[in-house]
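Report on one structure; see the data block that follows.
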Amino acid sequence: MAGPPVIIWAQEVERLLHCRELVPRLEAALGKFSRRDSAEVIQPVRSTVPLQKHNGFMGLMPTYMENDGVLCTKFVCFYSRQEGSTLPGTQATVVLLDAEYGNVKAVMDGDVITGMRTAAVSAISAKLLMRPEAEVLAILGTGHQALSHYNVFTEMFPFKEVRVWSQSRQRAERFRQSVGGPVKICLSVEEAVRGADAIVTVTKCTEPVLFGRWVKPGAHVAAVGACRPNWRELDDVLMKGAVVYVDSREGAMAEAGDVILSGAEVFAELGDVINGTKPAHREKTTVFKSLGMGVEDAVSAQLVFDQWTDGK
Ligand SMILES: NC(=O)C1=CN([C@@H]2O[C@H](COP(=O)(O)OP(=O)(O)OC[C@H]3O[C@@H](n4cnc5c(N)ncnc54)[C@H](O)[C@@H]3O)[C@@H](O)[C@H]2O)C=CC1
Ligand SMILES: O=C(O)C1=NCCCC1
């Protein structure tokens with residue numbers, strides 16, 4: 001008979017999950033997802049339940065990887081909070097199950113996983129699509145994802161300058177103090193992105209904040225916010241002028257306002273590039289529209305569980 005599930009909370013997940021081990025697993029997972037082989041990955045498009053009273057959504061993200069024996073689901077609640085609210089903007093929990101018996105093996109904090117796997121997938125997009133000589137990174141937004149993206153991008157690439165923009169100077173200052181390295185605070189989005197080689201958009205805005213006319217030709221944009229079909233971070237000029245990559249085509253057509261409302265063509269999934277079935281257009285302006293996938297949470301949770309079991 002199965003024992004009770006283990007509970008692995010945030011501090012422990014943080015101790016066990018490292019970008020250097022996670023990135024190769026995520027690359028493999030993105031490749032498997034794009035092969036559309038049901039023995040590799042079954043991952044339906046996220047089901048989203050509106051929490052109207054609280055101005056939020058609950059996303060359900062199940063995944064089964066039969067060949068790898070991984071069965072997992074994440075519950076993630078995300079909210080549009082009033083300015084100054086002290087309530088959390090996103091809360092996630094990941095559940096790992098035994099596929100044969102159906103029992104829950106582990107319940108773990110999903111916030112650390114969401115932060116790190118999202119930033120790691122954006123970094124994989126940059127590894128594939130950014131120009132190798134890239135020197136300047138611009139981050140728009142200063143919340144949780146901004147911090148995880150700063151950490152992962154500066155660990156993986158030798159940027160000479162990191163710029164950050166926030167709606168609020170105070171939040172930008174707080175962000176600068178919370179990171180381990182140098183950051184240039186910019187007072188406008190234009191100042192932050194002009195001349196940047198890589199741009200990460202991690203805001204909660206619902207209207208475009210990044211305009212194509214400011215983006216240097218050949219730059220790479222990892223667009224992480226705007227995960228609802230009527231929300232935008234990027235304008236039509238950027239979406240239509242860039243080669244657009246996504247994590248999941250089905251996900252993008254259901255959830256990505258930047259894709260749906262601009263009418264931009266999706267060129268490829270990141271997994272197609274990893275599998276060698278679609279080219280990486282490093283020489284052109286590229287956008288990776290990220291929505292987040294259950295398979296990313298599944299391999300992250302399995303890694304945490306394996307490390308936890310090894311160290312027991
Ligand atoms: N693609 C993916 O896999 C994932 C995407 N997300 C999305 O990424 C975005 C950022 O998430 P977190 O950092 O966790 O949120 P957060 O609440 O910690 O930070 C949000 C940031 O957006 C800024 N912001 C809010 N409204 C704005 C507006 N109208 N214009 C410009 N900036 C604005 C805030 O000042 C803050 O810097 C959210 O949209 C979230 O839903 C989150 C997790 C995974
Ligand atoms: O993949 C995720 O996790 C999320 N994606 C979009 C919105 C918040 C969480």
Side-chain angles (χ1 to χ4, degrees), residues 26 30 43 45-49 51 55-63 72-94 109-125 139-152 164-176 178 185 188-189 192 200-210 222-234 246-248 251-252 254-259 270 287-298 300-301:
L26 286 170
L30 292 167
Q43 183 214 269
V45 171
R46 176 167 41 220
S47 306
T48 308
V49 176
L51 309 172
N55 212 8
F57 297 90
M58 176 177 68
L60 300 173
M61 304 174 68
T63 296
C72 182
T73 191
K74 182 166 88 174
F75 310 88
V76 57
C77 293
F78 54 104
Y79 304 89
S80 301
R81 302 288 193 198
Q82 297 283 8
E83 181 66 40
S85 167
T86 53
L87 298 176
T90 305
Q91 290 254 70
T93 305
V94 179
D109 168 85
D111 291 342
V112 176
I113 288 177
T114 303
M116 189 171 288
R117 65 73 151 146
T118 307
V121 170
S122 298
I124 291 168
S125 82
I139 300 176
L140 306 183
T142 51
H144 293 91
Q145 288 292 337
L147 186 58
S148 60
H149 278 73
Y150 178 92
N151 290 337
V152 172
V164 70
W165 168 83
S166 168
Q167 278 174 309
S168 130
R169 170 86 202 203
Q170 206 185 6
R171 278 200 293 272
E173 281 295 351
R174 225 181 298 144
F175 178 83
R176 176 155 67 183
S178 70
I185 294 176
S188 69
V189 174
V200 171
T201 61
V202 273
T203 73
K204 281 209 160 150
C205 60
T206 53
E207 300 293 331
V209 69
L210 178 60
V224 173
C227 295
R228 296 292 304 152
N230 56 344
W231 292 358
R232 302 289 301 264
E233 274 189 316
L234 317 185
V246 295
D247 38 21
S248 152
E255 290 190 323
D258 284 327
V259 172
L270 278 192
V287 166
F288 167 53
K289 177 57 220 156
S290 161
L291 289 159
M293 299 204 293
V295 71
E296 300 162 3
D297 300 308
S300 306

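Atoms within a ligand are numbered from 1 in the order they appear, just like the ligands themselves. Values below: every heavy atom of this structure, side chains too, minus hydrogens, waters and symmetry copies. Every value quoted in this text rests on a predicted model; they were computed, and no experiment measured them. Residue numbers count from 1 along this sequence.
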May I ask you to identify the nearest protein heavy atom to [atom], giving residue, atom name and distance to one decimal place in Å?
{"atom": "atom 37 (O) of ligand 1", "answer": "T142 N, 2.8 Å"}
{"atom": "atom 30 (N) of ligand 1", "answer": "C205 CB, 3.3 Å"}
{"atom": "atom 43 (C) of ligand 1", "answer": "Q145 NE2, 3.3 Å"}
{"atom": "atom 7 (C) of ligand 1", "answer": "V224 O, 3.7 Å"}
{"atom": "atom 10 (C) of ligand 1", "answer": "V202 O, 3.6 Å"}
{"atom": "atom 9 (C) of ligand 2", "answer": "V76 CG2, 3.7 Å"}
{"atom": "atom 4 (C) of ligand 2", "answer": "R46 NH1, 3.4 Å"}

Is the closest side-chain heavy-atom distance between [X] and [Y] below 4.5 Å?
{"X": "V189", "Y": "L140", "result": "yes"}
{"X": "C205", "Y": "Q167", "result": "no"}
{"X": "T114", "Y": "Q145", "result": "yes"}
{"X": "R169", "Y": "I185", "result": "yes"}

Are [X] and ligand 2 in contact, using a heavy-atom cut-off of under 4.0 Å?
{"X": "T90", "answer": "no"}
{"X": "R117", "answer": "yes"}
{"X": "E296", "answer": "no"}
{"X": "M61", "answer": "yes"}

Just which atoms of ligand 1 are under 4.0 Å from any heavy atom in [X]?
{"X": "G141", "answer": "37 (O)"}
{"X": "G225", "answer": "7 (C), 8 (O), 9 (C), 39 (O)"}
{"X": "L291", "answer": "1 (N), 2 (C), 3 (O)"}
{"X": "S290", "answer": "1 (N), 2 (C), 3 (O)"}
{"X": "R171", "answer": "35 (O)"}
{"X": "T114", "answer": "43 (C), 44 (C)"}

Which option, [options], owns the non-hydrogen atom nearest [atom]?
{"atom": "atom 19 (O) of ligand 1", "options": "G143, G59, A92", "answer": "G143"}
{"atom": "atom 4 (C) of ligand 1", "options": "D111, T118, I139, V209", "answer": "T118"}
{"atom": "atom 38 (C) of ligand 1", "options": "T206, D297, T203, L140", "answer": "T203"}
{"atom": "atom 41 (O) of ligand 1", "options": "F57, F78, F288", "answer": "F78"}
{"atom": "atom 24 (N) of ligand 1", "options": "R174, E83, Q167", "answer": "Q167"}

(message) Let's go through T142 and R174 carefully: what are the C-alpha distance in whole Å and the side-chain angles of both, what is the deciding distance for side-chain contact (heavy atoms from CB on, under 4.5 Å) to 0.1 Å, and is it a yes or a no?
(response) CA-CA 9 Å; T142 51; R174 225 181 298 144; over 6 Å; no

(message) Is it the case that ligand 1 has an N or O less than 3.5 angstrom from some N or O of K204?
(response)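 The answer is yes, given that K204 and ligand 1 share an N or O pair closer than 3.5 Å.
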
(message) So, regarding W165 and ligand 1 (criterion: nitrogen or oxygen to nitrogen or oxygen, under 3.5 Å), is there a contact or not?
(response)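 Not met; the criterion fails.
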
Nearest 0.5 Å, please: how far is [atom2] in [Y] from [atom1] in [X]?
{"X": "S188", "Y": "W165", "atom1": "OG", "atom2": "CH2", "value": "9.0 Å"}
{"X": "Y79", "Y": "C77", "atom1": "OH", "atom2": "SG", "value": "4.0 Å"}
{"X": "S290", "Y": "H149", "atom1": "OG", "atom2": "NE2", "value": "6.5 Å"}
{"X": "L26", "Y": "D247", "atom1": "CG", "atom2": "CG", "value": "11.5 Å"}
{"X": "S122", "Y": "F288", "atom1": "OG", "atom2": "CZ", "value": "6.0 Å"}
{"X": "E207", "Y": "E233", "atom1": "CD", "atom2": "CD", "value": "12.0 Å"}

[X] N/O under 3.5 Å from ligand 2 N/O:
{"X": "K74", "result": "yes"}
{"X": "M293", "result": "no"}
{"X": "D297", "result": "no"}

(request) Using a strict cut-off of less than 4.0 Å between a Lys/Arg side-chain nitrogen and an Asp/Glu carboxylate oxygen, indicate whether E296 and K74 qualify as a salt bridge. (result)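 A salt bridge is absent here (no side-chain N lies under 4.0 Å from a carboxylate O).
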
Atoms of ligand 2 close to [X] [distance to a heavy atom under 4.0 angstrom, numbered from 1]:
{"X": "G292", "value": "1 (O)"}
{"X": "T114", "value": "3 (O)"}
{"X": "L291", "value": "1 (O), 5 (N), 6 (C)"}

(request) Assess G292 for proximity to ligand 1: is some non-hydrogen atom of it under 4.0 Å away? (result)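 Yes, G292 has heavy atoms under 4.0 Å from ligand 1.
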
(message) Does the residue R117 have a heavy-atom contact with ligand 1, meaning some pair of atoms that are separated by less than 4.0 Å?
(response)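 It does; at least one heavy atom falls under 4.0 Å.
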
(request) Could you walk me through whether V202 and I139 pass side-chain contact (heavy atoms from CB on, under 4.5 Å), step by step? (result) CA-CA 7 Å; V202 273; I139 300 176; 3.8 Å; yes

Distance-only check: which donor-acceptor pairs under 3.5 Å involve side-chain atoms of residues 223-232, not counting sequence neighbours?
{"residue": "R232", "atom": "NE", "partner": "L234", "partner atom": "O", "Å": "3.3"}
{"residue": "R232", "atom": "NE", "partner": "D258", "partner atom": "OD1", "Å": "2.8"}
{"residue": "R232", "atom": "NH1", "partner": "D236", "partner atom": "OD1", "Å": "3.2"}
{"residue": "R232", "atom": "NH2", "partner": "L234", "partner atom": "O", "Å": "2.9"}
{"residue": "R232", "atom": "NH2", "partner": "D236", "partner atom": "OD1", "Å": "2.8"}

(message) Closer than 4.0 Å and a protein heavy atom, does any atom meet both conditions relative to atom 2 (C) of ligand 1?
(response)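 True for atom 2 (C) of ligand 1.
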
(message) Side chain, backbone, both or neither: which applies to E207 and ligand 1 if a contact is any heavy-atom pair less than 4.0 Å apart?
(response)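 The answer is neither; E207 stays 4.0 Å or more away.
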
(message) Heavy atoms only, cut-off 4.0 Å: how does C227 contact ligand 1, side chain, backbone, both, or neither?
(response)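 Under 4.0 Å from ligand 1, C227 contributes side-chain atoms alone.
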
